[in-house]
Each structure stands twice: as C-alpha cells, then as structure tokens.
Amino acid sequence: MAHAVEEAGPARPLTMADGTPLKVALARATRRSKIRAFLLVAPLLLFILVTFIFPIVDMLMRSVDNPEVNEAIPQTVAELENWDGEGLPQDAVFAAFIQEMGDRSEGQRRNIGRMGARLNYEDGGFRSLINKSQRAAAKIQDDPMQFALVGFDERWEDKATWPTLDALAETPEFAEVLPETAALLRKWETGNSPFAEKTPKPETYPTLLTELESAQADGSLDRLLPLVQAENEELAALLEKTATGAGEIRENPLRFALVGVDPDWGKPRTWTIIKQVSSPITFSYYLNAVDRTYDIEGNIVMQPEWKQIYVQLFMKTIYVSIGVTVACLILAYPISYLLATLPPSKGNLLLILVLLPFWTSLLVRTTSWIVLLQTQGVINDTLVFLGILSDDNRIEMIYNMTGTIIAMTHILLPFMVLPMYSVMKTISPSYMRAARSLGANPLIAFVRVYMPQTVPGIGAGSILVFILAIGYYITPALVGGQDGQLISNFIAYHMQKSLNWGLAAALGTILLAGVLVMYWLYDRLVGIDNMKLG
Amino acid sequence: MAEKKTPFVQFVEVQKTYDGEILVVKDLNLDIQAGEFVTMLGPSGSGKTTCLMMLAGFETPTEGTIMLGGRELNHVPPHKRGIGMVFQNYALFPHMTVAENLAFPLQVRKLSKADTEAKVQRALDMVELGAFGGRRPGQLSGGQQQRVALARALVFEPDLVLMDEPLGALDKNLREQMQYEIKHIHEQLGMTVVYVTHDQSEALTMSDRIAVFNDGKIQQLATPPDLYERPDNAFVAEFIGENNRLRGTVKEVNGTSCTVDVDGHIIQALSVNHNGTGSQTTLSLRPERVALDPAPGSMPNVFDAKVEELIYLGDHIRTRVSTCGDDEFIVKVPNSHAHASLSRGQKVQVGWALDDCRALDA
Ligand SMILES: Nc1ncnc2c1ncn2[C@@H]1O[C@H](COP(=O)(O)OP(=O)(O)O)[C@@H](O)[C@H]1O
Ligand SMILES: [Mg+2]
C-alpha cells in the first residue's frame, strides 16, 4: 500500500522509455549543440582575449608595476630594508650597490639604464647620476681605497699631490714615520720612462691610511708634519686631515668612494628615493596622473605647480567630450528625425549624405577642416572678402580648442545619428497622431510623446559619442595645436616620446575607469537594456 | 424627418489624391447625424482610412469640404477638432502608464488634478480596467490595450469618435465581445461614432448605418437590414453576405419588375439597377431565399436543378446545385424532415419569389 503511494508520488523523476532520466537525456541531447555553439564562438573569443582583454590587463599591471630598481640592484634593495632612514645607509648598502653597479654584463647594463630612467621620473638628476656612477663603480671595485681617499678629500686627486709626496718619501723622517708607504712610493715608476705609472701602486693607498692612522696614534706624525709643512703647506694640512679621518675611511671606504663620484650619494634624500621606488608595486604613476607625488617622508602631496597638468587635462577632456556630445546631439536630433520621417527614397539619400564622412578617410576629413578653418583658409578669406573682418583680424579657428571641437563634432556626428535614427524609425507616426487627436498641439505632442520615446536613442548615441570623444586622439593631434590637446595625446606622448609607459598606463586606466563609471551611471539612469544601437 | 436636421458630420464633394494621379476618394458626399454609429465598410485599399484621416485632420482633402457641427474643418488643426480616435494599433504611449495615457488628453486641456483623476478612474471603470491604471501598455494583453485605447478616446468626452479597424488585431471571440462592448458604450454615452472596418459581420452587428466603400466611392449607404435585403448594386450584394449571381439579358421591363433571360431560362426579377431592355444584368439572390421543390404555382421562378454537393452545417445543409447554366448556385436547405433525404446527383427543383431576386448592374 505504502509502496503504491510512494510510486505514484510526484517526486518520482520522469524517465525515457529506456529508463534514462529525462534530465540526463536532455543534457545529452543539448551537449552537442552547446559544444558546437562554443566552437563557433571560440575563434572570436580567442581574438578578443588576445587583442583586447590581455592588453587591458597588461595596461592595468603596467600602471602599478615597478620592477626597474628591484631588477637592477636587488642586493642593495635588500640591504636598504635594514636602513632606518636616518643619516646615510650602512656600509653594506654601499658595498652591494657598488658591487651591482659595477657588473658590466650586457643584461645588467640594460637593467641599470632602465633604473636610471625610472628614477628620473622622481627626480630629474637621477639619470646622469646613475650613468656616472655606473662608469665609476667598476673602477671603485678595483681600487676602493684610492677612490675612498679621493672621496674623502679631492685634493688626493690633484696632479701635484702624489709627486710631492713621492719626493718627500726620500727623506729619512718620512721613511721612519711612514716606512711602508715610503717603500711603495719608491717603487713607483715616475718620469718619462716607458714603464711610467700615473698613480702609485694600488697598495700604496691602504698602506698610507694604515700608517697615517698609527703614526697619529703614537705621535710620530707630529715629527713629520713640520717637515712637510716646510715643503708644501697644503699637503701637510691634507695629511693631517687624512690621518684624523683614516679610521673612518678604512672602515667605510666604499661610501667615501661613492660620495667622491657624486656628492648626491652623500645625501640621505637620494637613498630615500631609491628605497621608495624599490617596492615592486607603486602608486606613484597614479599619483603622478592626478598631479600628486610622494614627498621625502612618503606623504602624498601636490606636485609643484609647474608640473600640475593632468587633472586640468582630464577636466578639459571631459568638458570637451560633453561639449562635443551636446553639439552632436543638437545637430543629430533634427537630422535623425527627418531621416526617420521622410519617405524612404529621400530618406535614403539623406542617410547616404550622413554616412558619407564614414567612407572618407579620417585624415582627408581632418585636413579639409584645416583648409576651411585656417587663418588663410576659406572661411576667413570669405569673411574678409565680404568685409566682415579686417585682414589683420582673422579669426583663429584651428590649432586650438575651437578646431578640436569643430572637427570632432563633425567626425563623431554619424555615431549620434545612427542610433537615434534607428530608434526613431521604430516610433510609429500614429503616436504623434494619437497625441494630436487627443488635443495636444504639435509642440506638446512632440515633447511629451515623441521625445520620451527617443530617449534610448539619445542615450545610446550620447554614450557612444562621449566614450569615443573622451579617448579621441588623431583629430586633436592634427588640429588641436597647443591648447587643443586632450588626455589621449598625452598618453600617446608618454607611450612614444617619453617612454614613461607606467604613467601612460595609469592615465589610460583612469580614462577606462571614467568610461566605466559613465556606463554605470547610464545604466542607473536609463537602464542599459533600453540602449538601442540599431 | 431626420434628414431635415443639419447633419453633425458632412462630407461635401470630397476628393483626395496622394500622388496627383489616382483619386483615392472620389466625389464623397456623406451626412452623419449626431449620435449615429456609422460604419465605413469596404475592401482594403478602398479609401476608408483616408476618409477617416481627413475627418481627423491628418490628411487634407484635395477638393471639397468637411463640416463638423456646422463648422468647416478644412483649416482646423487636428488638436482643435475635439475628435476622439482609436487607432488600429492602439497607439498607446508606451512610456506612460495606463492612467497617464488616459490623463494625457485631460492634462493638455488643463483640467484640475482632481477632475483628471476622477475622470480617468471613471473611464477605466467603464472599460472594466479599474485596477490597471498603474501598468504600462506593454504589460497588458491585446484586448486590454484595446479597451485602454477606447477609454482614452472617450475620456475627454468628445462628441465624435473615430475608430479605424480597432478590433483588427484581436482574435475572433474577443472581437465579438468587444463589438458588443463598443456598441453598449455608444448607447450609454450617445456620442457619434464613425467606424472603419473591412469585416462585414462587424459592420452589420454594430452600425446604425453602413457606407460600403469600393474604389474610393460609396457604393451604398443604408441600414444593415436594407443593405442585406436590398443591395443597390452587384458589388454590395456580393460584398455583404452570401449571394447567388446569375448573369443575363433584360428582356422586358414592367414597372418595378422585369424578365431576364439567363442562359435560355426566363427569370422574373425585381427591376433595380440596370440599363433597360436589352442590357446585361446580374441577378442577385440570397441562398436562404431559395426554396427546394416548392409547391407548384407558389413561385414565379421554378427551375430544374441537380444536386452537386452537400455540406452538413447542423442547422442547415449548404447545398450546391447546378441550375440555369450555373453550377455554383448555393441553396441553404433548413435541416427539417422534409429534406432529410437529399443526396448527390439527385434531380430537384429550385424556386424563388420575384421580390427576392434583384436585377442589378452587370
Ligand atoms: N500616405 C499615403 N500616400 C500615398 N498613398 C496612400 C497613402 N495612404 C493611402 N494611400 C493609398 O490610398 C489608397 C486608399 O488607402 P486607405 O485609405 O488606407 O484604404 P483602406 O483604409 O480602405 O484600406 C490605397 O491605394 C493606398 O495605397
Ligand atoms: Mg485602412
């Protein structure tokens, strides 16, 4: 009894004649067609993936990617981790830095070049600083003490210093106080012999430092100095100073050597910047793209006034895009209306006229605007000819914002006309007639009955034109002159000229985000389902 | 005596051409009394919509005048004519709710908000859609949309309402139901209605008078019974209801009757619309007026016939016979005991009265 009830119950799955459940059979039947559908879509999917999704993801990554410093000097970066930011970094940093800078291998040289370019975005002097230091680093590695001495006091580099010392080394006092040094200096081949060396034997430098230090400690140096003073006052001062600093120099020879290459290495700021830039991810491109930057403490601050261009540029781009969109709307609405209401024969002719610009090269169209609008162009000539303008008062209509707006409006107009036309074409004339028969005069009928039904077309056209305008490049580049340049022209500049791809990517990403925000807003206000592109 | 009153709507010698070559409406004269329900009936392309559009003001007559309530309409723009209109596709504004659609004509007339709301509600109640005011037209069924369109055409209480094939998009049942509803509303409100349709049964059901259109001309303007019983010409006879046609030559005319030679058979007919003795004529005869095997001497026209086909239709049997040289001759035989045994090929006699057979134009 209970069994019978259970079997008759509605929960029993439906089965095919052979007993397979209906669901399974259905899934099996549809799988083939699903696979086929997918295979048909696959090539396009792949194409879009490769040409659209990957580049965008790559752009997003580039805008925060910061590998240059880390790739060039990883050891130094690791050592900088241990630096507290007070004073100069510990000697290990200098050691690692010189080690890595001195690597003359092909790949490393390229890495260092990139690092220089990257650091240059932060501070203008970096590229030359890095170049200079790279050349010096290999030599420092060979002879650290020599460069340390020079770094400590550059008089050690003077032409006269060593020969003078060499001469003094012949005296017994010198040989007594600084015996090893004297011995080494005696071995130095000077003069005009083919074996002459410009500088003393490399061992001379550390030996000199060691002996100076101990000579000062046991007071024997005081016996030597008057002698030297009699010969050369300045050299005596240098020896005394060096003797005093010898301990320090022997402890940190590389720091003195590097500072000797460029005093900037002796400034904590230089190292702070390197440390800041060494993190593998950075927001500095984005900050840069909104006219901000990190200060030396890592706070976000405004860029100096002369560098603040991007916010203003973004605003200008948005204003121009809105302006172009509105201009297109005003021009396209009556045309679309006419297209949609004219009998097909005339309507098609008009449509061809609207589409004609589409069939003409963008460059030709833009150039024709130049011909029309330039100061010696058709319009100005006509106005002057008619006496409306005097010859020296010709209007500047191109190579400025006016030119950009006029040419862009012209070029983007079809993108407004087509969606509006396709929407208007579906609006039956009987709506207007109904409104009229219900007592509305033509204006009210148009505003209250016709126009609301065109909103999907207005929305689609506007969003299309706006999105195209906000990223427009070629027209502003050709007719924009100085002040008609838009954000995309700067993106292109950073892509092609300054090669600051990170900044270009950040600007592009902000642009993309702006477009997405627009899209979202439109969806909230009008509803994306209402958008009709055709 | 109704003729004495000045008509509410008047077409006077109206002509219309769209392209300057073909007259779509020819010499139209039509008087419509206040409160009348007049239907323009005719095949597609006969110019009915054009007439309606001229009345509504969306087309201008090429020639002639249209008068409404004694006022010449030619230069009155559509929105000042105060004519309600129901369109074939309803033309409900898709971006407005049903209530907003109905409020629209009241708002443009600057009625107060309270009045507007009350009238909208009353109109919705009248078409039994009281609860649907908040919906969009797209969320309604075809029949409901039709009612909204009707309510919208009526809500501002026009004296004249035009309807252009308003039921054309509905299925048969709904269409019949709406026919009665429209008829009742007309009776209730008493406005004048000009109705356009190509469906003759719709016209017969609803109208006070029907104007049959063909080729831009009114063929006949009459009440439904007159139109059916007494068609003026062969087109009307053919267009309205079922009809047997017999072609022949007029032999002799005696006052209101005449004799016609059809394929050697002499038929007595009512002389209605022919060009006199010797002219060609079409005899028109309703199938239900033909008697099978009439009592001898009871009818002037009795002829031999042979049953060709029998179609059983319940209440009657549709019988196709050949007689007088015509094998498409239809007889509607009542399903009674007398004719229970008809069979194909059987020889019978058919007969009809003189008054039921009208001699019309060829
Ligand atoms: N706007 C128009 N332009 C040109 N010809 C038209 C127009 N409207 C109707 N016609 C023509 O006029 C004739 C009558 O049309 P219409 O009044 O719509 O007929 P109906 O409503 O009886 O079907 C048709 O031949 C049609 O082709
Ligand atoms: Mg029509």
Side-chain angles (χ1 to χ4, degrees), chain A residues 329 333 336-338 340-349 419-462 522-532, chain B residues 18-19 49 52-59 76-97 100-111 120 123 136-138 145 148-158 160-166 194:
Chain A
L329 189 62
Y333 203 93
S336 317
Y337 181 76
L338 213 58
T341 49
L342 236 47
S345 55
K346 288 181 202 161
N348 284 343
L349 188 72
M420 285 216 288
Y421 163 69
S422 76
V423 166
M424 286 177 175
K425 200 153 178 63
T426 63
I427 302 176
S428 157
S430 67
Y431 290 120
M432 281 292 274
R433 290 183 164 183
R436 300 287 308 278
S437 83
L438 292 170
N441 64 35
L443 186 68
I444 292 181
F446 189 80
V447 171
R448 287 204 49 196
V449 173
Y450 194 84
M451 268 186 11
Q453 298 192 60
T454 62
V455 165
I458 295 178
S462 301
Y522 177 84
D523 189 33
R524 291 294 302 274
L525 295 178
V526 188
I528 225 70
D529 299 339
N530 283 332
M531 181 148 95
K532 283 190 186 141
Chain B
Y18 285 108
D19 51 10
T49 300
L52 214 62
M53 287 301 160
M54 288 192 289
L55 184 51
F58 299 121
E59 295 292 350
V76 181
H79 62 278
K80 292 195 175 143
R81 296 193 180 192
I83 298 175
M85 186 144 187
V86 180
F87 291 81
Q88 180 164 13
N89 55 6
Y90 316 135
L92 296 176
F93 307 141
H95 58 290
M96 299 185 188
T97 64
E100 284 165 350
N101 264 282
L102 264 65
F104 183 82
L106 305 175
Q107 282 164 357
V108 299
R109 286 178 172 75
K110 305 214 162 56
L111 256 68
V120 166
R136 292 282 164 108
Q145 292 185 24
V148 175
L150 188 62
R152 190 179 65 177
L154 295 171
V155 71
F156 60 101
E157 293 161 16
L160 175 61
V161 177
L162 312 181
M163 306 191 195
D164 189 0
E165 313 216 15
V194 179

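Since the structure is predicted, the reported quantities are computational estimates derived from the model, not experimental observations. Chain naming here is simple, since letters A, B, ... match the order of the sequence lines and numbering starts at 1 in each.
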Under the side-chain contact (heavy atoms from CB on, under 4.5 Å) rule, what do A:Tyr431 and A:Tyr450 come out as? Steps first, then yes or no, please.
CA-CA 7 Å; A:Tyr431 290 120; A:Tyr450 194 84; over 6 Å; no
Does the side-chain contact (heavy atoms from CB on, under 4.5 Å) test come out yes or no for B:Tyr90 and B:Asn101, once each step is laid out?
CA-CA 11 Å; B:Tyr90 316 135; B:Asn101 264 282; over 6 Å; no
Test log, rule side-chain contact (heavy atoms from CB on, under 4.5 Å), inputs B:Met85 and B:Leu52
CA-CA 10 Å; B:Met85 186 144 187; B:Leu52 214 62; 4.2 Å; yes
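By the 4.0 Å N-to-carboxylate-O rule, B:Glu59 lies close enough to A:Arg433 to be salt-bridged with it.
Using a 4.5 Å cut-off between heavy atoms, B:Arg109 contacts chain A through its side chain alone, with no backbone atom that close. For B:Phe87, the part lying near chain A is the side chain, with the backbone staying farther off; criterion is any non-hydrogen pair under 4.5 Å. Neither the backbone nor the side chain of B:Leu106 comes within less than 4.5 Å of any heavy atom in chain A. Only the side chain of A:Ser428 comes within contact range of chain B, judged by heavy atoms closer than 4.5 Å. With a threshold of 4.5 angstrom between heavy atoms, B:Gln107 approaches chain A through side-chain atoms but not through N, CA, C or O.
Interatomic distance, CE of B:Met96 versus CD of A:Gln453, reported as 8.5 Å (0.5 Å rounding).
Ranking B:Ala149, B:Ala153, B:Pro94 against chain A, the residue ahead of the rest is B:Pro94, based on heavy-atom pairs under 4.5 Å.
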